[in-house]
Each structure stands twice: as C-alpha cells, then as structure tokens.
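As the structure lists them, so they are numbered: ligands from 1, and atoms in each ligand from 1.
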Amino acid sequence: MKKKRLGKTELMVSVVGMGGIPIQRYDEKATLDTLIACQEVGINFIDSARAYSISEEYIGKGLKQLGRENFYLATKSMNRTKEGFYNDILTSLKNFQTDVIDLYQIHNLGKQEDFEKIFSEDGAYQAALQAQKEGKIKHIGVTAHIKEMAQQLIDTEKFSTLQFPFNAVENQGVELFQRAKELDMGVIAMKPLGGGILGEVAQNAIKFIVQNDLVTVAIPGMNTPEQVRECAEAAKQGSLSEAEQAELKKITEEIGKDFCRRCGYCMPCTVGIDIPGVMVFEGYIKRYGLSEWAKGRYETSAVKASACIHCGVCKQRCPYGLNIPERIAWVDHYFAQM
Ligand code: SF4
Ligand code: SF4
C-alpha cells in the first residue's frame with residue numbers, strides 16, 4: 001500500500017490506517033484477524049483511544065503475536081489534567097504491551113475552557129511533553145471536531161498532527177488541512193465513511209480521501225479482514241473515475257450534513273437511551289426505505305426514546321450540534337404511527 005509522510009513526525013504511514021473504535025464491540029480473535037489482514041495489505045498505522053474501552057488491550061494482544069515493530073501506534077486521551085493525562089499514557093503503554101507509543105493525541109478538544117486547561121501548568125499538554133522527554137511517546141497530536149477549535153489548535157504550532165473529520169459529506173476541513181500542511185503537520189482523516197453513513201459506497205468514499213494530497217491517512221473503523229481488504233483495494237485503485245464521482249456526489253447531496261456520525265460523544269444518556277442506536281433509524285426510514293425492518297429492531301431496544309426527560313445533557317455533548325431529543329422523539333413517533 002502507498003505510504004505518505006505524516007508531517008514532521010517523519011513516520012511513513014499507509015494512506016489507509018486501522019481505526020480502532022469498532023473492535024471494542026468484538027473480541028480478541030476478531031482483532032487479531034483484522035490485524036493480520038492489515039499486515040497482509042500493508043496497513044501500518046493503527047489509531048485507538050482510551051475512550052474505546054478494550055480496544056487498546058485487544059490491539060496490544062494482537063501485536064504481541066504479530067510484532068509491535070510492524071506497526072505505528074497512535075492513541076488518545078480525553079483527560080485534560082496533567083496527572084490524568086500522564087496516567088492515561090501509562091495505561092495505554094500497558095494495554096499496548098509496549099515501551100513507546102508513536103503518536104499520543106489530546107482527544108476531542110471542543111470547549112474553550114478545555115483549551116485553556118490543557119495548556120495550563122497542570123494541563124494535559126505538560127504531561128505529553130514530560131512523557132515525550134521520558135521516551136514514552138514519540139509525537140504529540142490533537143483531535144477535534146469543530147473547525148474553529150481545530151484552527152486555534154493548529155495555530156499554537158504545538159502539535160505534529162491534526163485528526164479531524166473528513167469525508168465526501170464533511171469537507172469543511174480542507175482549509176484547516178492547507179494550514180496544517182504549511183506547518184508540516186500530518187493530517188489524519190477521521191470518520192472517512194461519515195460514521196457509517198457512506199458504508200454502502202465505502203470504496204468510493206475511501207478513494208475520495210486518498211486522492212486528496214492534503215490528507216496523510218484515512219482511518220476507517222475496521223473489525224473484519226473483509227473490511228481491511230475492501231479499503232486496501234480502494235486505496236490501490238487510487239482516484240475516482242468520472243462515473244464514481246457522479247455517484248458519490250448524488251449520494252452526498254441526498255445525505256446533506258445534518259446527520260449522526262455515531263461517534264457516541266453524547267453518551268451516556270441520563271435515562272439509558274442508546275442515542276446513536278436510535279439516531280441511525282432516521283437513515284433507515286428516510287433514505288433506505290427500511291422502516292418495517294427498523295421498527296422490529298427498535299422494538300427490541302431496552303429503553304425507548306419516549307423515556308427521554310429532555311435534560312439536554314446529550315445535546316450539549318454532541319460536537320455536531322444535533323438536536324438529539326427532537327430527533328429521537330421523531331423516530332419514536334414515526335414508529336408509533338406505523
Ligand atoms: S435529553 Fe433525553 S436523550 Fe438526551 S441525555 Fe437527556 S434523557 Fe437522554
Ligand atoms: S448524536 Fe451527535 S454525539 Fe451522538 S453519536 Fe450522533 S453525532 Fe455523535
């Protein structure tokens with residue numbers, strides 16, 4: 001697989017990497033099989049997070065068998081304090097069963113108060129610097145979902161990489177990536193399949209990113225060898241043909257921008273509603289004509305959207321500003337009317 005230089009880190013990473021979110025829902029065997037497939041197709045970049053529960057641990061166990069030296073490891077923590085962030089680095093090292101992590105990122109910076117906090121004397125950035133000095137991590141990166149915040153983070157010139165959403169329906173990052181490139185930062189495209197919404201046209205969605213020179217690596221979530229091979233094939237084919245471009249354009253116009261990326265940042269819900277699980281039904285109803293099937297699935301939910309008490313906690317957490325209580329109420333009402 002083609003490799004690109006991850007900015008000033010000088011790491012030569014595959015243009016498609018393995019996003020470690022979904023493996024937390026599977027097991028060690030699925031992780032190992034996925035990693036083996038990655039090795040076979042030449043994927044050498046893995047991204048995980050402390051927030052992805054067992055993901056780091058499964059990857060660590062897999063790499064024990066496959067050889068840590070064959071992959072670049074990236075992970076991240078949402079801890080904002082020096083002590084908390086440092087402890088998370090130690091936990092990640094233990095989980096990955098390694099002495100050093102190639103890229104450690106401050107995860108999902110969104111609020112201004114968190115920006116101030118991480119750069120304070122007692123903040124996460126100090127912990128990252130200390131761990132870097134001690135040889136526990138090699139490079140420091142950052143991840144964000146909001147353009148203005150990402151811009152502010154780039155402008156600090158304190159990070160080697162930026163991880164930001166980028167896909168055929170969310171291309172607001174292009175300006176940021178241009179600036180990041182000028183500063184020799186590596187650019188990691190998260191949500192290359194729009195949190196699953198582009199899953200039906202996965203290969204074209206991957207090609208769309210790989211052909212963009214501003215992006216270093218796209219990290220679709222992967223948990224099966226088939227997904228790995230599908231992404232690798234797309235990366236190998238390279239640019240989109242005219243017909244593929246037209247097909248992707250048609251789909252992205254239908255989707256628009258106002259959709260749930262299934263990132264889970266809104267969770268946990270105060271009353272236990274599986275918010276991303278309910279939000280996904282919107283697409284099944286509006287786009288795929290699968291209302292009957294979706295209703296059957298919705299009926300097995302442990303807590304229905306009708307249990308929402310409109311506390312607003314989830315809405316504050318959603319980095320995409322979605323009106324979650326209203327949207328899940330619509331889904332519930334739709335199914336009730338059927
Ligand atoms: S507003 Fe409703 S869905 Fe959101 S956290 Fe509160 S109870 Fe849960
Ligand atoms: S509602 Fe918002 S925060 Fe929750 S999963 Fe969807 S995009 Fe993410």
side-chain hydrogen bond (donor to acceptor under 3.5 Å, both in side chains) pairs touching residues 265-275, sequence neighbours excluded, are His107-Tyr265
| said: For Lys147 and Glu175: C-alpha separation, side-chain torsions, deciding distance, then whether salt bridge (charged side-chain N to carboxylate O under 4.0 Å, His left out) applies. | reply: CA-CA 9 Å; Lys147 191 178 169 193; Glu175 253 175 69; 3.5 Å; yes
Subject >> Parallel, tilted or perpendicular: rings of Phe119 and Phe159 (30°, 60°) >> reply: tilted
ask   = Do Glu292 and Lys295 pass the salt bridge (charged side-chain N to carboxylate O under 4.0 Å, His left out) test, and can you show the C-alpha distance, the side-chain angles, and the key distance before you say yes or no?
value = CA-CA 5 Å; Glu292 284 293 342; Lys295 188 181 181 193; over 6 Å; no
Sorted by chain and residue number, the side chain to side chain donor-acceptor pair (under 3.5 Å) partners of Asn323 (sequence neighbours excluded) come out as Glu326
Counting from 1 in the order shown, the ligand 2 atoms closer than 4.0 Å to a non-hydrogen atom of Pro319 are 3 (S)
Side chain to side chain donor-acceptor pair (under 3.5 Å) filter on Arg297, not counting sequence neighbours, yields none
Within the heavy-atom cut-off of under 4.0 Å, ligand 1 is lined by Cys269, Thr270, Val271, Ile275, Cys308, Ile309, His310, Cys311, Gly312, Cys314, Pro325, Ile328
*Give a yes or no on whether a salt bridge exists between Lys61 and Asp27, defined as a side-chain N under 4.0 angstrom from a carboxylate O.*
no
Ligand 2 atoms nearer than 4.0 angstrom to some heavy atom of Gly264 are 5 (S), 8 (Fe)
For Arg261, the atoms of ligand 2 under 4.0 Å from one of its heavy atoms are 6 (Fe), 7 (S)
